[in-house]
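To keep things clear, I will list the structure first and then write my remarks on it.
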Number of protein chains: 2
Amino acid sequence: MALKAGGTRNLHARVIEEIGESIVSGVLRPGEPLPGESQLAEQMSVSRTVLREALKVLAAKGLIETRQKTGMRVRDPTFWNHLDADVLSWRCAAMPTEDFVEKLVEMREIIEPAAVMAAARRRSPEQLNAIGVALDAMEDAPDLDAWAAADLQFHDAVLVATNNELLSSLFSVIETALATYFVMSARTAKNFKYSLPHHRAVYEAIRRRRPNEAAVAMRTMIADSRANMRKGKRRG
Amino acid sequence: MALKAGGTRNLHARVIEEIGESIVSGVLRPGEPLPGESQLAEQMSVSRTVLREALKVLAAKGLIETRQKTGMRVRDPTFWNHLDADVLSWRCAAMPTEDFVEKLVEMREIIEPAAVMAAARRRSPEQLNAIGVALDAMEDAPDLDAWAAADLQFHDAVLVATNNELLSSLFSVIETALATYFVMSARTAKNFKYSLPHHRAVYEAIRRRRPNEAAVAMRTMIADSRANMRKGKRRG
DNA sequence: AAGATCATATTTGTCAGACAAATGACAAGT
DNA sequence: ACTTGTCATTTGTCTGACAAATATGATCTT
């Protein structure tokens, strides 16, 4: 486990990533004892100070466990902070199994309807307006890039309108991970606005404060985009 | 911000908690610049080494941001890892507003039905059996403590049966936070088994692989325990 | 021989001091 | 007024040392 050459970020950030990826990808097995701090620091050509800063962060993510005299051990995956953005991103990078993507998709399909329901219940007029603005931008989008930007804006506005930072935090983490796998689902350039009616339906339900209608509209949208995603996969 | 006297844990763990709580509770405002590392270390009577280990962890949780020359700043709450177990626990400790508890409850009401649906779809025979064992233990529980233990066992077994560590991780974090606020909802000692039929209904739905029935049963159970929870609040 | 007790070595935890690198602020020059 | 360059400040990194905890094995006791 030697540190990769390139990279201009902070040293400890690189160490965190290096070790974190090794653990999450399974190179370092759970229960396996890591070499001592001094030895590990030497292997990676960093000082023990920097190494320790990295180890504390990894311990905070639940990936490792340290005790005096015993040394460090990789913790069992049940203790990992699976919802941590880094852990998730390392899993995505590690050529994951198909079923991991399905788990992410399952999460999305739980969260998104719940999010629009919450937004329909609690959105303020200003928040509704922000969603409306995003929707207009989607409608007027001249090309795919503009549409993608407006789509992102729409989702963000809905997230804010939920007025529940736990929900939006979760949403954001899951979406980021999913974005690793799927290209924008409107790749077929000509009909990139195909999901506009669905977005409008969601907006209308939120405007009329109809949680159930919003959830139904969102589920319809998901079912629709599901098929499109199958075509547009990026890399195994 | 001086470090509290007592406590036998690691020094950096205490520093993490001290600063983390100050930030989450709002004593340190977002955007506010923290004193320099040297000065802060002196204030807390720890070495800069230890302080930095703590700062890196807090940065990983999204609470602070450090840049050379500029120093450290508290980040805007939108960047916090709201689903981090520590952040959540600090919020719970900080005499939170009522609406925070409602956000937690909302999360639970989203997750739990989804979890039992997933379990109904994908549980293995062994996982079903584990749920059944827990259910039997609940039924045979002679007193409140035994019942609480069996209840925990039941929930854990369902969690495992979802076969989605993202879901179970989320579940676990939210439940832990909620447990801070509510005493066991069966406080009225005599009828502490009142929710047994609900649990049995959930089990039956999972056994028969009926996701929708499982979700309905769970929602019924939640609605039922909602009322009980109102009575048993702990501390504002 | 078996078990309890203690010494020791190893590993993480903590500290102190130094220098490097980055960068905002300010002065000087055009 | 604008650019350029120096400087001071703050985080980033390294080094070496000692403290505290504890697994291991040796020693002592029964």
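Letters go in sequence order (proteins before strands), and every chain restarts at 1. Note: hydrogens, waters and symmetry copies are ignored here, and every other heavy atom, side chains too, is used.
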Original post:
Under a 3.5 Å cutoff on both atom distances, Watson-Crick or G-U, what's the dot-bracket for DNA chain D ([ ] crossing, | other strand)?
Top reply: ||||||||||||||||||||||||||||||
Original post:
In chain order, what residues pass the ring pair (Phe, Tyr, Trp, His ring centres under 6.0 Å) check against A/F171, with sequence neighbours excluded?
Top reply: none
**OP:** Taking A/H82 for its side chain and A/P77 for its backbone only, find out whether a donor-acceptor pair lies under 3.5 Å.
**Re:** yes
Original post:
Any salt bridge (charged side-chain N to carboxylate O under 4.0 Å, His left out) pairs touching residues 133-144 of chain B, not counting sequence neighbours?
Top reply: B/E139-B/R200
Subject >> Check: B/W80 side chain, B/R75 main-chain N or O, donor-acceptor pair, under 3.5 Å >> reply: yes
Subject >> Selection residues 157-172 of chain B - residue pairs positive for salt bridge (charged side-chain N to carboxylate O under 4.0 Å, His left out), sequence neighbours left out >> reply: A/R91-B/E165, A/K103-B/E165
**OP:** Quick one: list whatever passes salt bridge (charged side-chain N to carboxylate O under 4.0 Å, His left out) with A/E42, sequence neighbours left out.
**Re:** none
**OP:** Taking all non-hydrogen atoms of both residues into account, name the closest pair between B/P35 and B/L40 and its distance.
**Re:** CG-CD1, 3.9 Å
Original post:
By a strict heavy-atom criterion of less than 4.0 Å, which residues belonging to residues 69-77 of chain A are in contact with DNA chain D?
Top reply: A/K69, A/T70
**OP:** With sequence neighbours excluded, tell me which residues meet side chain to side chain contact (heavy atoms under 4.5 Å, CB included) with A/D84.
**Re:** A/K61, A/N81, A/D86, A/V87, B/N81
Original post:
Reading DNA chain D 5' to 3', which nucleotide is the first, and which the last, to come under 4.0 Å of any heavy atom in chain B?
Top reply: D/dA8 to D/dT13
Subject >> Beyond-backbone contact of A/L83 with B/V173, side-chain heavy atoms, under 4.5 angstrom >> reply: no
Original post:
In chain order, what residues pass the side chain to side chain contact (heavy atoms under 4.5 Å, CB included) check against B/A118, with sequence neighbours excluded?
Top reply: A/E106, B/R121, B/R122, B/T162, B/L167
Original post:
What is the distance, rounded to the nearest whole Å, between atom CD of B/Q68 and atom P of C/dC19?
Top reply: 18 Å
Subject >> Gap between atoms CG and P, on B/L11 and C/dT14 respectively (whole Å) >> reply: 5 Å
Original post:
Any donor-acceptor pair under 3.5 Å linking the side chain of B/N163 with the backbone of B/A161?
Top reply: yes
Original post:
Which residue pairs pass the side-chain hydrogen bond (donor to acceptor under 3.5 Å, both in side chains) test when at least one of the two sits in residues 27-38 of chain B, sequence neighbours left out?
Top reply: B/E37-B/R48, B/E37-B/R52
Subject >> 5' precedence on DNA chain C between B/S47 and A/G36 (nearest-nucleotide basis) >> reply: A/G36
Subject >> Residues touching DNA chain D, which here means a heavy atom under 4.0 Å, drawn from residues 48-65 of chain A >> reply: A/R48, A/T49, A/V50
Subject >> Residues in ring pair (Phe, Tyr, Trp, His ring centres under 6.0 Å) contact with B/F100, at least two apart in sequence or another chain >> reply: none
